[in-house]
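Below is one structure; the comments refer to it alone.
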Amino acid sequence: MTDAIETAQLQRRFTVHGTGESPGRGWPVEGVSFEDAALHYVEDVHPAPDPEGEVQLLVEDCESGERQCFRIDLLTGETAPCD
């Protein structure tokens, strides 16, 4: 039970949206990291992939305003920073 409490304390609030979408279309997500938030978004929203089977997402920390961009391969689940 201690692990669950510690994980809950590490959760941060993010907004996530596709790189081709307006920031106003951001989806609220909680996660322990930027990458975790991006993966939760994929699980919740099921965004349409590009022809290569990937999605590109912009993740913003609601508290700090820091942004990170990720490419996620929907077939393998692999993530990488955007180019």
Side-chain angles (χ1 to χ4, degrees):
M1 183 144 142
T2 303
D3 290 339
I5 292 170
E6 288 175 7
T7 300
Q9 292 172 343
L10 295 174
Q11 294 283 319
R12 296 167 25 202
R13 291 181 34 113
F14 298 92
T15 58
V16 183
H17 61 86
T19 57
E21 298 177 320
S22 162
R25 305 258 319 156
W27 187 271
V29 178
E30 289 190 0
V32 295
S33 68
F34 285 87
E35 184 175 4
D36 183 50
L39 292 172
H40 279 294
Y41 175 85
V42 168
E43 290 175 1
D44 293 346
V45 178
H46 307 287
D50 64 15
E52 289 82 36
E54 294 183 342
V55 293
Q56 288 194 25
L57 302 174
L58 188 60
V59 182
E60 182 174 345
D61 183 310
C62 291
E63 189 172 314
S64 70
E66 180 183 353
R67 294 180 181 176
Q68 293 185 17
C69 185
F70 293 96
R71 289 180 299 129
I72 302 174
D73 184 316
L74 297 182
L75 297 175
T76 66
E78 291 183 37
T79 63
C82 296
D83 297 328

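Heavy-atom basis, side chains included; hydrogens, waters and symmetry copies ignored. Starting from 1, each residue takes its place in the sequence as its number.
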Checklist line | Partner set under side-chain hydrogen bond (donor to acceptor under 3.5 Å, both in side chains) for Glu35, not counting sequence neighbours | finding: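 For Glu35 the side-chain hydrogen bond (donor to acceptor under 3.5 Å, both in side chains) partners, ignoring immediate neighbours, are Thr79.
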Taking all atoms of both residues into account, what is the closest heavy-atom pair of [X] and [Y], and its distance?
X: Asp36; Y: Gly31; value: OD2-CA, 3.1 Å
X: Cys82; Y: Gln56; value: SG-OE1, 3.7 Å
X: Glu54; Y: Asp73; value: CG-CA, 4.0 Å
X: Arg12; Y: Val32; value: NH1-O, 4.1 Å

Check: In the hydrophobic clustering that connects Ile, Leu, Val, Met, Phe, Trp and Tyr at side-chain heavy-atom distances below 4.5 Å, which members other than Leu39 occupy its cluster, ordered by chain and number?
Finding: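 Phe14, Val16, Trp27, Val29, Phe34, Tyr41, Val42, Val45, Val55, Leu57, Val59, Phe70, Ile72, Leu74, which link up through side-chain heavy atoms under 4.5 Å apart, make up the rest of the cluster.
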Could you grab the distance from atom [atom1] of [X] to atom [atom2] of [Y], nearest 0.5 Å is fine?
X: Leu58; Y: Gln68; atom1: CG; atom2: CD; result: 9.5 Å
X: Arg71; Y: Thr19; atom1: CZ; atom2: OG1; result: 11.0 Å
X: Glu30; Y: Gln11; atom1: CD; atom2: CD; result: 5.5 Å

Next item on the list: With sequence neighbours left out, write down each residue that passes disulfide bond (SG atoms under 2.5 Å apart) with Cys62, or none if nothing qualifies.
Entry: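 Listed in chain order: nothing, the list is empty.
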Notebook entry, point to check: Quick one: are Ser22 and His17 in side-chain contact, heavy atoms under 4.5 Å?
Noted result: no
